[in-house]
**Student:** 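Have a look at the structure that comes next, please.
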Amino acid sequence: MKRILVTGGAGFVGSHLCERLLNEGNEVICLDNYFTGSKQNIEHLMDHHYFELVRHDITNPFMAEVDEIYNFACPASPVHYQYNPIKTTKTSVMGAINMLGLAKRVKAKILQASTSEVYGDPTVHPQPESYWGNVNPIGMRSCYDEGKRCAETLFMDYHKENKVKIKIIRIFNTYGPRMHPKDGRVVSNFIVQALRGEDITIFGDGTQTRSFQYVDDLVEGTVRMMNTRDSFIGPVNIGNPTEFTMLQLADEIINLTGSKSKITYLPLPDDDPMQRQPDIDLAKKELDGWEPKINLRDGLKSTISYFDTLLSQ
């Protein structure tokens, strides 16, 4: 049995990760300040003998004896990370320093949940881990993009200078049950609008693409990454390489919900990338052949069912 700390553990992805780690027989400490996380996401775990919930903000130091740390604490949707951009940067940078300091003190292995946003609006397609990105350092999204890029720098430097055992994953668009209904992400936006019979709003002309990964596939890749040999630190892309346009996604959701929603168009936000698709060759090679297993249609059905229940409460 390992004692594992999950920061952001009451969030969308973090709650699924906590559940997975508990099911594997580990002791889990869930750390969250509930800015975007919710106790509702982990209430089904509260009675588990090996689950501990701590309200804490990782911009402040935290002390615990643990074997592994999964650092997932940071708002990940534009509407949330732009709400308080200074706090977002502090969470990525100071949070990384505090968690790396903890890992150094207790000799824990630590995984950083980085993001495909480190690639910015890419000029290389699909994006391999060797691509350095095309990021605006002073734009609306830079608090998140540059915060995560700096966190990767800190992880590498703690590894080089202090021999901390690190892992870095770059997460591409992920969806599934427990997404926040008002997080502003395209999948949750479209589903909520469709279920309410509202117009589905597409930013831009709808031809921009994303690659959508179901949360279970992300968790599988994340756990596999943590369990790789110490010499493999990443970064490694964790995402679904199958691309869809925004129009294709909207049509699929309208079809699955049976909604009468119409599609409307709004101007594209600043620095919004036109393409996003991971090159996952490295993940396939290093993570025991990992690749996404759940197709978009099946994943959307599960996610729609979750939101349908949530909105009817």
**Student:** Charged N to carboxylate O below 4.0 Å: is that the case for Glu152 and Arg170?
**Tutor:** yes
**Student:** In terms of side-chain geometry, is the basic nitrogen of Lys104 or Glu161 positioned less than 4.0 Å from the acidic oxygen of its partner?
**Tutor:**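 Between Glu161 and Lys104 there is no salt bridge, as every charged N stays at least 4.0 Å from the carboxylate O atoms.
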**Student:** State whether the side chain of Asn255 and the backbone N or O of Asp251 hold a donor-acceptor pair below 3.5 Å, judged by distance alone.
**Tutor:**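 Checked: no pair found.
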**Student:** If we ignore angles and hydrogens, is there a donor and acceptor under 3.5 Å between the side chains of Thr123 and Asn134?
**Tutor:**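 Asn134 and Thr123 do not have a side-chain donor-acceptor pair below 3.5 Å.
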**Student:** Quick one: list whatever passes ring-ring contact (aromatic ring centres under 6.0 Å, His included) with Phe62, sequence neighbours left out.
**Tutor:**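 Checked Phe62 against ring-ring contact (aromatic ring centres under 6.0 Å, His included); matches are His56.
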**Student:** Using every non-hydrogen atom in the two residues, find where Arg224 and Asp288 come nearest and quote the distance to one decimal.
**Tutor:** NH1-O, 3.0 Å
**Student:** Please check this pair: side chain of Gln193 against backbone of Ile191, looking for a donor-acceptor N/O pair closer than 3.5 Å.
**Tutor:** no
**Student:** Provide the full list of ring-ring contact (aromatic ring centres under 6.0 Å, His included) pairs with a residue in residues 226-265, sequence neighbours left out, each pair given once.
**Tutor:**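 Passing the test, one end in residues 226-265: no pairs.
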**Student:** Sequence neighbours excluded, which residues qualify as side chain to side chain donor-acceptor pair (under 3.5 Å) partners of Asn295?
**Tutor:**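 Asp298.
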**Student:** Within the distance-only criterion (no hydrogens, no angle test), does the side chain of Asn162 pair as donor or acceptor with the backbone N or O of Val164 below 3.5 angstrom?
**Tutor:** no
**Student:** With side chains defined as the heavy atoms from C-beta onward, is the minimum distance between Lys2 and Glu24 less than 4.5 Å?
**Tutor:**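 A side-chain contact under 4.5 Å is absent here.
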**Student:** Can any side-chain N or O of Gln213 pair as donor or acceptor with the backbone N or O of Ile171 at less than 3.5 Å?
**Tutor:** no
**Student:** With Leu218 as reference, evaluate Ile238, Val223, Asn240, Leu17 under the side-chain contact (heavy atoms from CB on, under 4.5 Å) test and give the passing residue.
**Tutor:** Ile238
**Student:** After noting the C-alpha distance and the side-chain angles of Asn136 and Asp145, does the key distance pass the side chain to side chain contact (heavy atoms under 4.5 Å, CB included) rule?
**Tutor:** CA-CA 9 Å; Asn136 178 359; Asp145 301 1; over 6 Å; no
**Student:** Using the six-membered ring wherever Trp is involved, compare the ring planes of Tyr50 and His48 and label them parallel, tilted or perpendicular (cut-offs 30° and 60°).
**Tutor:**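 Aromatic pair Tyr50/His48 classed tilted.
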**Student:** Taking only residues two or more places apart in sequence or in another chain, which ones pass side chain to side chain donor-acceptor pair (under 3.5 Å) with Ser211?
**Tutor:** none
**Student:** With side-chain contact (heavy atoms from CB on, under 4.5 Å) as the test, pick out the partner of Glu117 among Arg149, Lys148, Arg276.
**Tutor:** Arg276
**Student:** Just distance, no hydrogens or angles: give the donor-acceptor pairs under 3.5 Å from side chains in residues 301-310, sequence neighbours left out.
**Tutor:**
residue : atom : partner : partner atom : Å
Ser302  : OG   : Tyr214  : OH           : 2.9
Thr303  : OG1  : Gly299  : O            : 2.8
Thr309  : OG1  : Ser305  : O            : 3.1

**Student:** Count the heavy atoms belonging to other residues, nucleotides or ligands that lie under 6.0 Å from CD1 of Ile86, then report whether that count exceeds 12.
**Tutor:**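 No, because the 6.0 Å sphere around CD1 of Ile86 holds 12 heavy atoms or fewer from other groups.
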**Student:** Kindly assign one of parallel, tilted or perpendicular to the pair Phe212 and Tyr175, based on the angle between their ring planes and the thresholds 30° and 60°.
**Tutor:** perpendicular
**Student:** If only atom types and distance count, is the side chain of Thr59 paired as donor or acceptor with the main-chain N or O of Gly95 below 3.5 Å?
**Tutor:** no
**Student:** So, the side chain of Asp217 versus the backbone of Ile294: is there a donor-acceptor pair under 3.5 Å, distance only?
**Tutor:**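 Between the backbone of Ile294 and the side chain of Asp217 there is a qualifying donor-acceptor contact (under 3.5 Å).
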**Student:** With sequence neighbours left out, write down each residue that passes side chain to side chain donor-acceptor pair (under 3.5 Å) with Gln277, or none if nothing qualifies.
**Tutor:** His125
**Student:** Taking Leu21's backbone N and O only, do any of them form a donor-acceptor pair with Asn26's side chain (distance below 3.5 Å, no angle check)?
**Tutor:** yes
**Student:** Going by atom types only, do Glu286 and Thr228 share a side-chain donor-acceptor pair under 3.5 Å?
**Tutor:** no
**Student:** Does Glu129 use its side chain to pair, donor to acceptor, with the backbone of Asn237 at less than 3.5 Å?
**Tutor:** yes
**Student:** So with a 6.0 Å cut-off around CD of Glu65, is the heavy-atom count from everything else above 12?
**Tutor:** no
